[in-house]
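One structure is given here, and the rest of the page talks about it.
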Amino acid sequence: AKDSGKRAYRVFSPDMDKRVADYVWLNTNLRKGLEEKELVLHYQPRLCTRTSAVVGAEALLRWNSPERGQIAPAEFIPYAEESGLIAPLGRWVMDNAAEQAARWQAQGLDLRIAVNVSPRQLVDTAITAHFEEALRKARLARCTLDIELTESCLIENEAAAISLIKEFRKLGAEVHLDDFGSGYSSLSQLARIPFDAIKLDRSFITAIDVNPRSQVVVRSMVAVAQELNVEVLAEGVETPAEEDFLKAAGVDCVQGYLYGKPMPAAEFEAWLAGRRRL
Ligand code: C2E
Ligand code: CA
Ligand code: CA
Ligand code: CA
């Protein structure tokens, strides 16, 4: 009896209460937030290490809730994935990023936009048709959108994932393997799946300049990628010393707070203009 009492206590822990309360709140508010345009994409710059030019941006979702203020994606994406709301949310992200890409093309800005696609979106094979539709609706002269996938996308049904990846590439998107090295069997997947680039996980980049073991791992990942003709991106770059190491190691593109945080499009444009005046 004592034992089951303990278990019952755990089931109704305050932590659980909070999760249930969050779920209930998200359930009524996220769909509404999507409909009422409370969601917005922020853009974080990506630079080429060779030229230091800004070559693109990653689109990162933000939710400005009138009730709770700005909510980070880590707090609502998992719920969206669980509830199925990720499908309309993900389509909204693609539509919006395509519209932004068209505006930047019209301004003569040569920038690619990387869009995050969650594993749960890949179970819907209509996703590439929607992507094509988003490009068409935005009247993009050429596709400047790229797709970031995490390794967990690929574990469940690799064959299906590969055919979607090929379709995205046919439509003109590059497909990047996000959070590279943070999961399982990354190297073997790289051998089988036609990625254009890998994005080294932030956990390798943090203090890379002073961690000899991470340095060895990053150098060997770069070597493998280069042999496979796959580009290497690094995220979470926060210091010049980290940047120096990554440049020397042969990383192609960098992204991180050192250059800029994710910003609303207008702020991104102002940031870019300021940089170009330097
Ligand atoms: P992610 O795709 O790995 O995105 C990178 C995260 O690292 C972003 O967090 C970014 O703000 C943060 N970051 C960038 N540079 C630095 C740095 O120098 N230092 C540190 N400490 N952090 C840095 P964010 O925006 O909170 O996004 C978290 C995650 O939410 C993303 O991880 C992605 O998995 C997911 N996410 C964001 N937007 C979307 C979306 O539109 N669709 C989907 N499916 N997932 C999204
Ligand atoms: Ca990403
Ligand atoms: Ca990442
Ligand atoms: Ca991540």
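One-based numbering, in listed order, for ligands and for the atoms of each.
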Item to check | R31, CZ atom: more than 12 neighbouring heavy atoms under 6.0 Å | outcome: no
Item to check | For V93, atoms of ligand 1 separated by under 4.0 Å from a heavy atom | outcome: 41 (O)
Item to check | Numbered atoms of ligand 1 (with element) below 4.0 Å of G236, judged on heavy atoms | outcome: 16 (C), 17 (C), 18 (O)
Next on the checklist: With a sphere of 6.0 Å drawn around CZ of R103, does it hold more than 12 non-hydrogen atoms of other residues, nucleotides or ligands?
Outcome noted: yes
Checklist entry - In terms of heavy-atom contacts, does CZ of R68 have more than 12 from other residues, nucleotides or ligands at under 6.0 Å? => result yes
Item to check | side-chain hydrogen bond (donor to acceptor under 3.5 Å, both in side chains) assessment of S214 paired with N211 | outcome: CA-CA 5 Å; S214 290; N211 187 338; 3.2 Å; yes
Item to check | R202 N/O to ligand 1 N/O under 3.5 Å | outcome: yes
Checklist entry - Is it the case that more than 12 heavy atoms not belonging to K261 sit under 6.0 Å from its NZ atom? => result no
Item to check | 4.5 Å side-chain heavy-atom contact, V54 and Y259 | outcome: no
Checklist entry - What atoms of ligand 1 come within less than 4.0 Å of a heavy atom belonging to G256? => result 15 (N), 18 (O)
Checklist outcome for this item: Heavy-atom proximity to atom 2 (O) of ligand 1 ranks first, among N116, V117, T206, T239, for N116
Item to check | Opening angle at the Ca ion (ligand 2) [OE2, E58; OE1, E148; to 10 degrees] | outcome: 90°
Next on the checklist: For ligand 1 and A72, I'd like to know whether there is a polar contact (N/O to N/O, distance under 3.5 Å).
Outcome noted: no
Checklist entry - Is it true that some N/O/S atom of D179, main chain or side chain, lies under 3.0 Å from the Ca ion (ligand 2)? => result no
Next on the checklist: Out of all atoms in ligand 1, which are within 4.0 Å of some heavy atom of V237? Include the element for each.
Outcome noted: 18 (O)
Item to check | Which of the ligand 1 atoms, numbered from 1, are nearer than 4.0 Å to a heavy atom of D179 | outcome: 3 (O)
Item to check | Numbered atoms and elements of ligand 1 in range of Q121, under 4.0 angstrom, heavy atoms | outcome: 44 (N)
Checklist entry - Is E235 close enough that one of its N/O/S atoms sits under 3.0 Å from the Ca ion (ligand 3)? => result yes
Checklist entry - Which is it for Q255 and ligand 1 at heavy atoms under 4.0 Å: side chain, backbone, both or neither? => result neither
Checklist entry - What atoms of ligand 1 come within less than 4.0 Å of a heavy atom belonging to E235? => result 3 (O), 5 (C)
Checklist entry - Which ligand 1 atoms are under 4.0 Å away from a heavy-atom of E58? => result 2 (O), 4 (O)
Checklist entry - Do any N/O/S atoms of T150 come under 3.0 Å of the Ca ion (ligand 2)? => result no
Next on the checklist: For the Ca ion (ligand 3), give me the closest N/O/S atom belonging to D178, just the atom name.
Outcome noted: OD1
Item to check | Heavy-atom neighbours of D110 CG exceed 12 at 6.0 Å | outcome: no
